[in-house]
Amino acid sequence: MKSQGRPERPAPGARALRAEHDRLAERLASRRSIDLVRGGAYSGFIGLIGAGLAAKLAFDRWWSQSARRFTGPPVWFLLALAAAAVLLTLAVVLLVRARRLMRGEDADFARLRALRRELGLDA
């Protein structure tokens with residue numbers, strides 16, 4: 001029988017589960033993997049624009065049929081190519097890192113849902 005006015009004391013195991021729940025909830029409040037995906041998308045998009053610029057500069061330099069072709073060393077082409085390569089490499093690194101973090105976050109989220117069911121917080 002419940003005593004009126006005095007809440008029931010939770011079992012010691014329930015306190016540990018609640019503490020684990022609170023730690024997981026705090027850790028999952030901000031998902032770092034989303035920031036990495038956004039950075040990878042931005043880097044990839046700008047890298048693709050740089051690759052397009054490098055391709056256009058290469059076309060104008062070596063395959064253009066116009067009478068006025070570029071002469072001298074292909075400095076602008078090499079700069080655009082280097083910038084595109086760096087940005088696309090950065091995009092791949094960020095997306096791989098984000099995917100690795102997402103796996104961990106998904107496992108933590110599954111554990112959080114199981115804890116919520118076990119503690120009776122979700123109906």
Worksheet entry | Path from Leu79 to Val86 over hydrophobic side-chain contacts below 4.5 Å | no

Discussion item. Which residues pass the side chain to side chain contact (heavy atoms under 4.5 Å, CB included) test with Ala54, not counting sequence neighbours?
Written reply: Phe77, Ala80, Leu81

Item to complete: Return the set of residues passing side-chain hydrogen bond (donor to acceptor under 3.5 Å, both in side chains) with Arg111 (not counting sequence neighbours), or none when no residue passes.
Response: Glu20

Discussion item. Please tell me whether Leu94 and Val92 are part of a single hydrophobic cluster in this structure, the criterion being side-chain heavy atoms less than 4.5 Å apart.
Written reply: no

Worksheet item: Leu78, Ile46: one ILVMFWY side-chain cluster at the under-4.5 Å cut-off?
Response: no

Worksheet, complete the sentence: Shortest non-hydrogen pair, Ala98 vs Val37, comes out as CB-CG2, 3.5 Å

Practice prompt. Grab the two heavy atoms, one from Arg18 and one from Leu119, that are nearest each other, plus how far apart they are.
Written response: CA-CD1, 3.9 Å

Worksheet item: Does any pair with a residue in residues 36-51 pass side chain to side chain donor-acceptor pair (under 3.5 Å), and if so which ones, sequence neighbours excluded?
Response: Asp35-Arg38

Worksheet item: Is there a chain of hydrophobic side chains (I, L, V, M, F, W, Y, each step under 4.5 Å between heavy atoms) that links Leu101 to Leu90?
Response: yes

Practice prompt. Indicate the atoms forming the closest heavy-atom contact of Gly44 with Ala91, along with that distance.
Written response: N-CB, 3.5 Å

Worksheet entry | Closest approach of Trp62 to Pro74 (non-hydrogen atoms, all atoms of both residues) | CH2-CB, 4.0 Å

Response to the item:
side chain to side chain donor-acceptor pair (under 3.5 Å) pairs touching residues 76-104, sequence neighbours excluded, are none

Worksheet item: What residues form a side chain to side chain contact (heavy atoms under 4.5 Å, CB included) with Phe45, not counting sequence neighbours?
Response: Ile49

Fill in: Distance (rounded to the nearest 0.5 Å) between Leu115 CG and Arg23 CZ
9.5 Å

Worksheet item: Is there a path from Leu17 to Leu28 through hydrophobic residues (I, L, V, M, F, W, Y) whose side chains come within less than 4.5 Å of each other?
Response: yes

Discussion item. Let me confirm one number: the CG-CE distance from Leu95 to Met102, rounded to the nearest 0.5 Å.
Written reply: 8.0 Å

Worksheet entry | side-chain hydrogen bond (donor to acceptor under 3.5 Å, both in side chains) partners of Arg31, counting only residues at least two apart | Glu105, Asp106

